Amino acid sequence: MSEAATRPSVNSGALLASLDPLLRAWLPRQRWFAGKGRPISVLEPVTVTELLPASSPSGLLHLLVRARGPVPPAQDTAVEGGHVAERATDCYQLLIGVRRTLPPHLAPALIGHVTEGPLAGFTVYEALHDPRLMALFLERLRMPGRHGVLRFERDPGADIPSGLAPRVLAAEQSNSSVVYGDTFILKLFRRVTPGVNPDLELPLRLARRGCARVPAPAAWFHADPAYGLGVVQPYLAGADDGWELALRMIGKGEDFTGEARAIGRATAEVHTELAAALPTVTLGRAQVEIIADGMAERLTAAAQAVPALRPYAPALLTAFEALADLGGEGQSWAAQRVHGDLHLGQCLRAPDGTWSLIDFEGEPARPLAERRLPQPVARDVAGMLRSFDYAAYSAELRAPEWAADCRAAYCVGYADVAGRDPRTDPVLLRAHETDKAVYEVLYEARHRPDWLPVPLAAVRRLARNGSADDDH
Ligand SMILES: Nc1ncnc2c1ncn2[C@@H]1O[C@H](COP(=O)(O)OP(=O)(O)O)[C@@H](O)[C@H]1O
Ligand SMILES: O=P(O)(O)O[C@H]1O[C@H](CO)[C@@H](O[C@H]2O[C@H](CO)[C@@H](O)[C@H](O)[C@H]2O)[C@H](O)[C@H]1O
């Protein structure tokens with residue numbers, strides 16, 4: 001990337017106008033696009049940066065675009081701050097490759113052929129699939145400095161070699177990732193919000209404390225004014241993700257409680273380090289009530305969006321009322337920064353058996369400010385407890401003991417390190433587990449309707465006996 005390219009001269013309005021019809025067709029088909037399947041009513045540029053001009057064999061454009069769908073049907077409403085809101089305008093990050101003709105191996109990355117404007121006659125495509133472009137992008141990440149509105153930073157102690165071969169990761173959920181030579185992984189955030197991205201903030205803080213449970217950021221980049229856009233971390237080659245591993249071990253009839261206990265210990269270690277690195281607070285009566293009210297509001301909103309949840313709402317509400325009551329009686333809890341969306345898929349086991357935690361972004365649907373608030377550690381514990389239930393259900397386990405045993409082992413592992421078993425606070429835990437199950441109902445309704453029965457089964461149990469453990 002030449003010096004000239006550091007002064008992008010593209011006319012962003014004209015450029016996006018020429019890409020407009022192609023992006024309108026392509027964006028709603030992407031897994032990370034929030035308004036999936038619906039036509040886009042607004043599409044406008046936020047920033048356009050020419051990383052490589054289209055005149056080179058392949059050009060590379062970095063785009064932040066604002067997109068909004070039409071007034072959504074009830075199921076697609078967003079629950080933000082506990083309120084059902086029309087899906088606000090979202091800002092997305094795109095890396096677009098530009099070529100005269102697309103070689104066959106890049107055909108799956110095709111966005112379309114441009115017919116008008118500055119890129120008329122060119123073919124545009126998802127650059128993450130192009131090893132040549134992603135190799136150049138890593139070079140850019142290796143060099144701290146600015147490139148138009150983009151700001152690249154790097155941990156001075158990190159040694160990122162040049163020439164690492166890139167490959168895009170296929171299994172993505174909310175974001176996109178490229179692995180470099182099996183030693184580093186670049187995560188590109190897709191739906192971006194102005195402000196500090198906790199998926200960079202927390203791993204950086206943990207790394208500075210020497211916490212080895214989280215891959216330490218080696219390089220990262222932002223856009224002005226304050227969009228966190230991506231982070232490069234060491235890639236844990238050969239690691240198993242907890243979700244795949246649990247399903248595999250279930251399939252082979254192997255015991256998972258040892259792993260569950262180890263994940264509990266890893267969670268407690270990360271919590272201990274986060275509490276030491278960032279502010280903690282004690283939640284008094286007013287804050288506990290605010291938390292309980294937020295949960296109740298999210299329940300109301302989710303029940304409005306997902307009719308199958310409605311019959312259980314009154315019984316679920318009692319979990320949040322019990323929390324508010326305990327707050328009223330003067331019970332207080334410590335709150336600190338937490339992972340925010342912890343589940344088996346966020347736990348990686350290295351070949352030596354060590355567990356690490358990844359993806360500190362929090363629940364993607366929540367506003368950033370809310371995700372960065374101190375919260376009881378029960379939020380993460382509840383996420384993991386729900387995950388054991390998901391695994392048992394997905395494996396169609398007839399034996400409910402599997403999930404119950406793993407849930408118990410996880411809490412024991414947590415207590416090994418934290419000195420306190422999360423089950424010591426049953427009201428707090430039940431409220432958080434109920435809140436998580438409600439979130440999952442909405443998440444599945446929006447993203448994977450076939451999976452809706454999984455959290456709904458837990459909702460039924462929580463409504464019936466106040467516990468997500470099966471009562472058979
Ligand atoms: N440091 C890492 N080492 C190995 N694999 C990783 C690492 N970070 C992420 N992954 C893999 O990439 C996948 C997606 O990463 P994640 O941060 O969870 O992204 P998303 O926010 O899109 O869910 C993970 O499930 C994991 O398999
Ligand atoms: O990994 P993400 O940050 O994208 O998290 C979202 O997607 C998860 C699904 O991949 C979802 O997790 C739910 O399904 C998991 C199994 O696929 C299960 O282990 C989790 O317990 C369950 O919550 C997560 O909720 C969502 O935010």
Side-chain angles (χ1 to χ4, degrees), residues 30-32 34 79 93 128 167-192 197-200 202-203 207 212-218 228 230-247 263 339-351 354-366 371 379-395 403 406-407 410 432-433 435-448 450-455 457-458 468:
Q30 304 314 302
R31 287 176 69 163
W32 36 263
V79 180
Q93 174 174 210
L128 270 74
R167 71 181 159 88
V168 67
L169 267 194
E172 295 299 323
Q173 300 293 327
S174 316
N175 299 288
S176 300
S177 303
V178 175
V179 175
Y180 286 96
D182 269 2
T183 44
F184 286 94
I185 180 166
L186 161 66
K187 176 168 175 177
L188 209 70
F189 302 116
R190 287 304 198 164
R191 187 149 68 95
V192 296
N197 189 320
D199 204 9
L200 173 62
L202 298 187
R213 292 293 192 178
V214 173
V231 54
V232 178
Q233 292 176 338
Y235 181 68
L236 305 174
D240 280 310
D241 104 36
W243 174 255
E244 301 289 344
L245 185 68
L247 293 191
I263 299 172
H339 180 285
D341 191 16
L342 195 58
H343 55 80
L344 277 163
Q346 320 281 37
C347 307
L348 300 183
R349 193 187 69 166
T354 316
W355 285 95
S356 297
L357 307 188
I358 57 163
D359 196 2
F360 283 74
E361 224 184 345
E363 289 170 4
R366 279 188 194 236
R371 287 189 258 145
R379 170 159 295 285
D380 286 347
V381 171
M384 281 308 303
L385 298 184
R386 290 286 315 115
S387 213
F388 294 118
D389 181 58
Y390 254 73
Y393 192 105
S394 305
C406 287
R407 290 157 58 87
Y410 175 79
H432 278 90
E433 220 182 326
D435 187 44
K436 189 73 192 182
V438 168
Y439 163 82
E440 289 168 343
V441 165
L442 197 66
Y443 177 87
E444 301 300 1
R446 265 197 209 139
H447 298 275
R448 306 185 295 192
D450 291 352
W451 288 59
L452 192 51
V454 188

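Because the structure is a prediction, the values reported are computed rather than measured. In each ligand, atom 1 is the first atom listed, and ligand 1 is the first ligand listed.
For ligand 1, none of its N or O atoms has an N or O atom of Ser177 under 3.5 Å away. Residue Asp341 has at least one nitrogen or oxygen atom sitting less than 3.5 Å from a nitrogen or oxygen atom of ligand 2, judged on distance alone. The shortest N or O to N or O distance between Tyr439 and ligand 2 is under 3.5 Å. In terms of N/O distances under 3.5 Å, ligand 2 is not approached by Trp451. Considering backbone and side-chain N/O atoms, Lys187 comes within less than 3.5 Å of an N/O atom of ligand 1. Residue contacts with ligand 1: Ile185 is placed with no nitrogen or oxygen under 3.5 Å of a nitrogen or oxygen of the ligand (distance criterion only). Residue-to-ligand polar distances keep Tyr390 apart from ligand 2: every N/O pair is separated by 3.5 Å or more. The shortest N or O to N or O distance between Trp243 and ligand 2 is not under 3.5 Å.
By the 4.0 Å heavy-atom criterion, Pro234 is counted among the residues contacting ligand 1. Residue-ligand proximity: Ala239 is placed with every non-hydrogen atom at 4.0 Å or more from ligand 1. In this structure, Glu440 counts as a contact residue of ligand 2, since one of its heavy atoms falls inside 4.0 Å of the ligand.
In terms of protein heavy-atom proximity, atom 19 (O) of ligand 2 is nearest to Ser387 OG, 2.7 Å. Scanning all protein heavy atoms for the shortest distance to atom 8 (C) of ligand 2 gives His343 NE2, 3.8 Å. The protein atom (non-hydrogen) at minimum distance from atom 4 (O) of ligand 2 is Ser174 OG, 2.7 Å. Distance from atom 3 (O) of ligand 2 to its nearest protein heavy atom, with residue and atom name: Asp359 OD2, 3.1 Å. The shortest contact between atom 7 (O) of ligand 2 and any protein heavy atom is with Tyr443 OH, 2.9 Å.
At a heavy-atom distance under 4.0 Å, only side-chain atoms of Arg448, from C-beta outward, approach ligand 2. Counting heavy atoms closer than 4.0 Å to ligand 2, residue Gln346 contributes side-chain atoms (C-beta onward) but none from N, CA, C or O. When non-hydrogen atoms are compared, ligand 1 lies under 4.0 Å from neither the backbone nor the side chain of Asp199.
Side chains of Val231 and Phe189 form a contact here, defined as non-hydrogen atoms less than 4.5 Å apart. Annotation: side chain of Arg349 is not in contact with side chain of Thr354 (no heavy-atom distance under 4.5 Å). Two residues are said to be in side-chain contact when any heavy atoms from C-beta on lie closer than 4.5 Å; Val381 and Tyr410 meet this criterion.
The ligand atoms of ligand 1 that sit less than 4.0 angstrom from a heavy atom of Pro215 are 1 (N). Atoms of ligand 1 lying under 4.0 Å from at least one heavy atom of Leu169, given by number and element, are 11 (C), 12 (O). Listed by atom number, the atoms of ligand 1 under 4.0 Å from Leu348 heavy atoms are 2 (C), 3 (N), 4 (C), 5 (N), 6 (C), 7 (C). For ligand 1, the atoms closer than 4.0 angstrom to any heavy atom of Asn175 are 20 (P), 21 (O), 22 (O). With ligand atoms numbered from 1 in the order given, ligand 1 contributes 18 (O) to contacts under 4.0 Å with heavy atoms of Gln346.
Closest of all the heavy-atom pairs between Arg213 and Trp355 is NH1-O, 2.8 Å. Across all non-hydrogen atoms, the minimal contact from Leu169 to Ile185 is CD1-CD1, 3.9 Å.
Side-chain atoms of Ser394 come within 3.5 Å of backbone N or O of Tyr390 as a donor-acceptor pair.
Between the side chains of Gln346 and Asp241, no donor-acceptor pair of N or O atoms lies under 3.5 Å. For the residue pair Ser176 and Arg190, a side-chain donor N or O sits within less than 3.5 Å of a side-chain acceptor on the partner.
In this structure, Phe360 and His339 have tilted ring planes: the angle between them lies in the 30° to 60° band.
Within the model, atoms CG of Leu357 and CG of Leu202 stand 11.5 Å from one another, a figure rounded to the nearest 0.5 Å. Rounding to the nearest 0.5 Å gives a distance of 7.5 Å between CG of Asp199 and CG of Asn175.
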